[in-house]
Amino acid sequence: MQDLVMAAIAARSKAHAPYSKFFVGAAMRDEHGHVHAGCNIENAAYPQGWCAEPSAISHLIMSGGMRITEVVVMGNGNTLCTPCGGCRQKIREFASGDVKIHCCTEQGQLIRTFTLDELLPASFGPENLK
């Protein structure tokens, strides 16, 4: 998990959050073991910015990954920062319910680990459309 933590810390340092001052970094491992990171990017025309998790998902897809196997998310300070509702659904598109989502401090210390099913119970996913 340390490689994910380090990638999330590096991504968080590049966040563009001049309005909220809430800097978020996320990192995800794909099915090939590769790490993909993203940060939040705010925009003066709210709500046109985007969260760190979709930034990381975009990197994952553009690099040839199709499945998320593990996630790290961190916000400001020692506050628990879980993916927002929209990001939970975006993660769900590429992850199974047992995927671990580690929430860390901005220094990378683990606060709590959830499964996607814990954060998004009885979710709607791609298999519902088959």
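Because the structure is predicted, anything quoted here is derived from the model rather than measured. Only heavy atoms go into these numbers, but all of them, side chains included; no hydrogens, no water, no symmetry mates.
Arg12 places no side-chain N or O within 3.5 Å of a backbone atom of Ala26 that could act as its donor or acceptor partner. A donor-acceptor pair under 3.5 Å links the side-chain atoms of Ser13 to the main chain of Ala10, judged by distance alone. A donor-acceptor pair under 3.5 Å links the side-chain atoms of Ser55 to the main chain of Cys39, judged by distance alone. A donor-acceptor pair under 3.5 Å links the side-chain atoms of Glu42 to the main chain of Tyr19, judged by distance alone. A donor-acceptor pair is defined here as one N or O able to donate and one able to accept, closer than 3.5 Å; such a pair exists between the side chain of Thr105 and the backbone of Gln107.
Across all their heavy atoms, Pro54 and Cys87 have their closest contact at CD-SG, 3.5 Å. The shortest non-hydrogen separation linking Glu106 to Asn76 is OE1-C, 3.4 Å. Looking at every heavy atom in both residues, Ala27 comes nearest to Val35 through CB-CG1, 4.3 Å.
Defined by atom type and a distance below 3.5 Å, a donor-acceptor pair is missing between the side-chain atoms of Ser123 and Gln89. There is a side-chain donor-acceptor pair under 3.5 Å between Ser96 and Asp98. Side-chain contact, Arg88 with Thr82: a donor N or O sits under 3.5 Å from an acceptor N or O.
A 4.5 Å side-chain heavy-atom check between Cys51 and Pro83 finds every atom pair outside the cut-off. When side chains are defined from C-beta on, Ser63 does not count as touching Ile61, because their heavy atoms never get closer than 4.5 Å. With contacts defined as side-chain heavy-atom distances shorter than 4.5 Å, the pair Gln109/Cys104 does not qualify. Looking at heavy atoms from C-beta onward, Met74 lies out of side-chain contact with Cys103 at the 4.5 angstrom threshold. A 4.5 Å side-chain heavy-atom check between Arg92 and Leu116 finds at least one atom pair inside the cut-off. Counting heavy atoms from C-beta on, the side chains of Asn40 and Trp50 never come closer than 4.5 Å.
Relative ring orientation between His32 and His34 is described as tilted, the plane-to-plane angle lying within the 30° to 60° band.
Looking at Lys90 and Glu53, no side-chain N of the basic residue comes within less than 4.0 Å of a carboxylate O on the acidic one, giving no salt bridge.
One hydrophobic cluster, built from ILVMFWY side chains closer than 4.5 Å, holds both Leu119 and Ile111. Hydrophobic clustering (ILVMFWY, side-chain heavy atoms < 4.5 Å, transitive): Met6 and Ile68 are in distinct clusters. Tracing side-chain contacts under 4.5 Å through hydrophobic residues (I, L, V, M, F, W, Y), one never reaches Ile91 starting from Val5; they form parts of separate clusters. Hydrophobic clustering, with ILVMFWY side chains joined whenever heavy atoms are under 4.5 angstrom apart, groups Val99 together with Met66. Linking ILVMFWY residues whenever their side-chain heavy atoms come closer than 4.5 Å, directly or via other members, leaves Val72 and Val24 in distinct clusters.
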Please assess Cys81 against Phe22 for the test side chain to side chain contact (heavy atoms under 4.5 Å, CB included), listing each intermediate value before the final yes or no. CA-CA 10 Å; Cys81 178; Phe22 193 79; 4.0 Å; yes
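A 6.0 Å sphere centred on CZ of Arg112 holds no more than 12 heavy atoms belonging to other residues, nucleotides or ligands.
Residues in residues 14-35 take part in these salt bridge (Lys or Arg N to Asp or Glu O under 4.0 Å) pairs, two or more places apart or across chains: Asp3-Arg29, Arg29-Glu70. Sorted by first and then second residue, the ring-ring contact (aromatic ring centres under 6.0 Å, His included) pairs involving residues 86-130 (not counting sequence neighbours) form an empty list.
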